[in-house]
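Naming convention: chains lettered A, B, ... in sequence-line order (proteins, then strands); numbering from 1 in each chain. Bear in mind that the values here come from a model prediction, so they are computed numbers and not experimental data.
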Number of protein chains: 2
Amino acid sequence: MDPLSTPVRLRSRATWLLGQSANQGHRLIGERMHAAGVPSRSYYSLLAALSEVGATSQADLGRRIGLDRSDVTAAVTDLEAKGCLERTPDPADRRRNLVRITADGKAFLAGLDAEVAAAQEELLAPLAQEEREALVGMLVRVVAHHTGLRLGDDAEG
Amino acid sequence: MDPLSTPVRLRSRATWLLGQSANQGHRLIGERMHAAGVPSRSYYSLLAALSEVGATSQADLGRRIGLDRSDVTAAVTDLEAKGCLERTPDPADRRRNLVRITADGKAFLAGLDAEVAAAQEELLAPLAQEEREALVGMLVRVVAHHTGLRLGDDAEG
DNA sequence: AACGAAACGTTGGCGGGACCAACGATAATC
DNA sequence: GATTATCGTTGGTCCCGCCAACGTTTCGTT
């Protein structure tokens, strides 16, 4: 790809720029994830959700991070094999599996957190701190607008 | 996906927000492209590049928009069948195909341009005009930083 | 209490997009 | 003139997001 000769029509479009930036971010994170032995970004999302919510079902995990049930199954199976989480049948609802993070999983997640933070630092390097905050603020509003989420509804549900 | 219960670790990460925003943008554009009979966003990029540069080779087109040669071949074949462009062997370099946009192609591109503009308007709806400019400005710097491009080098090469 | 509807986890598969490998043909380089 | 590089094309792989189906279990309604 030759960035010098990309059409102006694309270079100036916010949608194209968003795509390019997201690609760079995914690339940076992907490299670090792969180096840490994690095949996909979704593993990080899964562990993060699990760490926040405590113990929950696979379906709930999927809903939280926007991952299909079938893919959650695969990721959970893999992470269980790595000792990052436990999967036990829920005695209260025998359809579900209760998934909970292990101590090893928390430690591993902490490592991934550092990698993600480093990747983000690298991605946003050309931006000043205030700019990053402004960027995040705008993106939050954009995302909220398209997910039917109303801002300020934190934990008032 | 339940946006209310996505992990805070993700919701506050610029990388995740960028990915989400880009996804929404791709979705909006993809819908409109599909409605216009275009199977992929890359077709728009291709026509846009072609309209700016005049007549060039497929390899050059691919480099400009970041598309693999093989994928350019498929897209060009398809767009040629639709009458949006002409593909002729380059007499000056018989390895290349000279690709040039047709009048129909320009008209079609104009229509796609309107669709893309509308999609972007929809994507950035919650942002004021100045905010959109600030967003674009920041993203331009981010993208430039990761593509080895120096700002202000417009056409001075 | 019974029955239909819904949710759960799992397996398997589909389609698109990005990428790579190889080939024959042609041009550039030394 | 021989090697190297580029071009267009074909064909393939891999990953990701998504859907379909199944058996199991729970919920909702009557």
Side-chain angles (χ1 to χ4, degrees), chain A residues 1-2 16 19-20 22-27 29-31 33-34 37-46 50 55-81 85-100, chain B residues 1-2 16 19-20 22-27 29-31 33-34 37-46 50 55-81 85-100:
Chain A
M1 161 125 181
D2 184 357
W16 186 81
Q20 293 294 311
N23 277 346
Q24 295 292 342
H26 288 160
R27 183 183 56 83
I29 289 191
E31 288 171 0
M33 292 283 175
H34 189 267
V38 172
S40 166
R41 286 170 264 124
S42 56
Y43 284 37
Y44 170 72
S45 307
L46 212 160
L50 205 51
T56 183
S57 70
Q58 298 179 194
D60 180 60
L61 279 175
R63 268 181 241 113
R64 286 174 186 269
I65 65 179
L67 200 62
D68 192 82
R69 299 202 307 256
S70 57
D71 302 318
V72 172
T73 295
V76 164
T77 301
D78 206 354
L79 285 171
E80 185 186 26
L85 52 82
E86 293 173 337
R87 171 165 53 176
T88 60
D90 186 345
D93 185 342
R94 295 165 56 196
R95 292 173 301 180
R96 308 185 187 183
N97 284 340
L98 262 189
V99 184
R100 89 190 74 231
Chain B
M1 161 123 182
D2 185 358
W16 187 81
Q20 294 293 312
N23 277 345
Q24 295 293 342
H26 287 160
R27 182 182 57 83
I29 289 190
E31 289 172 359
M33 292 283 176
H34 189 267
V38 172
S40 167
R41 287 170 263 124
S42 55
Y43 284 36
Y44 171 72
S45 307
L46 213 159
L50 205 50
T56 183
S57 70
Q58 300 179 194
D60 179 59
L61 279 175
R63 270 180 237 112
R64 286 174 186 269
I65 65 179
L67 201 62
D68 192 81
R69 297 198 309 242
S70 57
D71 303 318
V72 173
T73 296
V76 164
T77 302
D78 206 353
L79 286 171
E80 186 186 26
L85 52 83
E86 292 173 337
R87 171 165 51 176
T88 59
D90 186 345
D93 186 342
R94 294 164 59 195
R95 293 172 300 180
R96 307 186 189 184
N97 285 340
L98 261 189
V99 184
R100 93 189 73 229

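Close to D:dT25, at under 4.0 Å from its OP1 or OP2, lies a side-chain N or O of A:Arg94. One finds a side-chain N or O of A:Asn97 lying less than 4.0 angstrom from the OP1 or OP2 phosphate oxygen of C:dT10. Neither OP1 nor OP2 of C:dC19 sits under 4.0 Å from any side-chain N or O of A:Arg27. Phosphate contact (OP1/OP2 of D:dT9, side-chain N/O of B:Gln58, threshold under 4.0 Å): present. One finds a side-chain N or O of A:Arg87 lying less than 4.0 angstrom from the OP1 or OP2 phosphate oxygen of C:dT10.
As judged by a 4.0 angstrom heavy-atom cut-off over every strand, B:Asp68 is placed among the base-contacting residues.
For A:Asp90 against A:Ala92, the heavy-atom pair with the smallest separation is OD1-N, 2.8 Å. Of all heavy-atom pairs between A:Ala22 and B:Ala22, the closest is CB-CB, 3.8 Å. When all heavy atoms are compared, the tightest approach of A:Tyr43 to A:Ala74 is OH-O, 4.4 Å. For the residue pair B:Pro39 and B:Gly37, the shortest heavy atom distance occurs at CD-O, 3.8 Å.
Distance A:Asp90 CG to D:dT26 P: 9 Å, rounded to the nearest Å. Regarding A:Tyr43, its OH atom lies at a distance of 12 Å from the P atom of D:dG17, rounded to whole Å. Between the CD1 atom of A:Ile29 and the C1' atom of D:dC16 there is a distance of 16 Å, rounded to whole Å. B:Arg41 places its CZ atom 10 Å from the C1' atom of C:dG16, with the value rounded to the nearest Å. For the pair B:Arg95 CZ and D:dC7 C1', the interatomic distance rounds to 6 Å; values are reported in whole Å. Remark: P of C:dG16 and CE of B:Met33 are 16 Å apart, rounded to the nearest angstrom. The interatomic distance linking B:Leu98 (CG) with C:dT26 (C1') rounds to 15 Å, in whole Å. Rounded to a whole Å, the CZ atom of B:Arg69 is 13 Å from the P atom of C:dA22.
Distances were taken from every side-chain heavy atom of B:Leu67 (C-beta onward) to each of C:dA18, D:dC7, D:dG17; the shortest belongs to C:dA18. Side-chain proximity of B:Asp71 to the nucleotides C:dC19, D:dG8, C:dA7 is greatest for C:dC19. Side-chain proximity of A:Ala59 to the nucleotides C:dG9, C:dA7, D:dC7 is greatest for C:dG9. Across C:dC8, C:dT26, C:dC20, the shortest atom-to-atom separation from the side chain of B:Asp93 is found for C:dT26. Here the side chain of A:Arg96 is nearest to one of C:dG9, C:dA27, C:dG12, namely C:dG9. Listed nucleotides D:dT10, C:dG9, D:dC16 differ in distance to A:Ser40; the shortest reach to its side chain belongs to D:dC16. Distances were taken from every side-chain heavy atom of B:Ser70 (C-beta onward) to each of C:dC20, D:dC18, D:dG8; the shortest belongs to C:dC20.
Nearest-nucleotide mapping onto DNA chain C: of A:Asn23 and A:Asp60, the residue sitting toward the 5' end is A:Asp60.
Side-chain contact of A:Arg96 with A:Thr56: a donor-acceptor pair under 3.5 Å is absent, judged by distance alone.
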Between A:Leu46 and A:Ile65, is a side-chain contact (heavy atoms from CB on, under 4.5 Å) present by the stated rule, with each step listed?
CA-CA 7 Å; A:Leu46 212 160; A:Ile65 65 179; 4.1 Å; yes

